[in-house]
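Note: hydrogens, waters and symmetry copies are ignored here, and every other heavy atom, side chains too, is used. Remember, it's a predicted structure, so these values are computed and weren't measured experimentally. All ligand and atom numbering here is 1-based and tracks the order in the structure.
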Amino acid sequence: MNSEVSGRPRVIDNVAALRAWLGACRGSGRSLGLVPTMGALHEGHLSLVRASRARCDATAVTIFVNPTQFGPHEDLTRYPRTLEADLDALAEVRADVVFTPPVELMYPAGFSTYVEPPEVARPWEGVCRPTHFRGVATVVLKLFQLLPADVAFFGQKDFQQCLVVRRMVRDLNVPIEIQVCPIVREPDGLAMSSRNRYLSPAERQQALALSRGLRVAGELVERDQREAAEILARVRGELRAAGIERIDYVALANPDTLAEVERVAPSAVLLLAAYVGSTRLIDNCLLGECLLGDGSPLDEPRE
Ligand code: AMP
């Protein structure tokens, strides 16, 4: 369908058309915002597009289910692919272009060059999903090469990923600013995720224990409980009480280095990863004196 008629963004799936669009964009002096996604879009993704539209003259969204960030026994083949609905959603928020590269464009035959991710990729997700951040760092750098934007937008939902991308950009002198946007939640607290659609109604209820755990931790810190052991025991208790047994990690870490901390002093990030049925969910929150916009590690570094 003609995108001007439908209001849908223009879909580009090859490098020649992408270069032509970028040339026109640059030629007219417009700033460019980039929102990388794997599709199956929800309000969390759309909030990134809105943030980009607020800051940049043009917004490009990428939709690519990146095989190199999935482990051998993960959900690559069943990961939801909903392009038509995604394009309708992107029309609503008025993205300009959607780049949907075929796998062969991103990983041509014989592909063998990867980004070695920074130290901050090692703990937590790095232990449970040992090749995940190598795949993330590689695909993000490739997307930055293909779409050299002024600003790229990422969600705090993937806290460790934000730090990995920040460090990679700094270490490799990539001239793109990384803006991290807050976690968008369902009205009942569940962090939005493309994987939420795997949950049965009963699992959807169980999954609320994750955000409840974060809330309980926040209340404890507000009442001046700073001991990690106490806080983590309460959060694990919330998960277990909901019947969530398979917990990958519940951790309090330094929000800059992700090293484990014994106390929330002055701040920490609470990171969760657990299975609800066969669906692996993650969530997080900052605790203590480090709210977003308040000098937290997810704020843009000040010049
Ligand atoms: P994904 O499609 O899961 O790779 O996510 C694409 C981008 O959307 C990443 O930067 C995610 O952190 C971000 N994102 C995913 N879920 C949310 C959410 N609930 N709130 C804010 N950003 C999100």
Exercise. Does any pair with a residue in residues 245-277 pass ring-ring contact (aromatic ring centres under 6.0 Å, His included), and if so which ones, sequence neighbours excluded?
Worked result: W124-Y249
Present, as a list of atom pairs with distances to 0.1 Å, all nitrogen or oxygen contacts under 3.5 Å between ligand 1 and the protein.
from, atom 1, to, atom 2, distance (Å)
ligand 1, 2 (O), M38, N, 2.9
ligand 1, 2 (O), H45, NE2, 2.9
ligand 1, 5 (O), H45, NE2, 3.4
ligand 1, 10 (O), G155, N, 3.0
ligand 1, 12 (O), G155, N, 3.3
ligand 1, 12 (O), G155, O, 3.1
ligand 1, 12 (O), D158, OD2, 2.6
ligand 1, 16 (N), M192, O, 3.4
ligand 1, 19 (N), V184, O, 2.9
ligand 1, 19 (N), M192, O, 2.9
ligand 1, 20 (N), V184, N, 2.8

Problem set entry | Aromatic ring pairing F111/Y107, orientation class (parallel under 30°, perpendicular over 60°, tilted between) | perpendicular
Exercise. Between D150 and R26, does at least one N-O distance fall below 4.0 Å, as a salt bridge requires?
Worked result: yes
Exercise. Quick one: side chain to side chain donor-acceptor pair (under 3.5 Å) partners of D96, sequence neighbours excluded?
Worked result: none
Problem set entry | Residues forming a side chain to side chain donor-acceptor pair (under 3.5 Å) with T131, sequence neighbours excluded | none
Exercise. Looking just at side-chain N and O atoms, do T100 and D13 make a donor-acceptor pair shorter than 3.5 Å?
Worked result: no
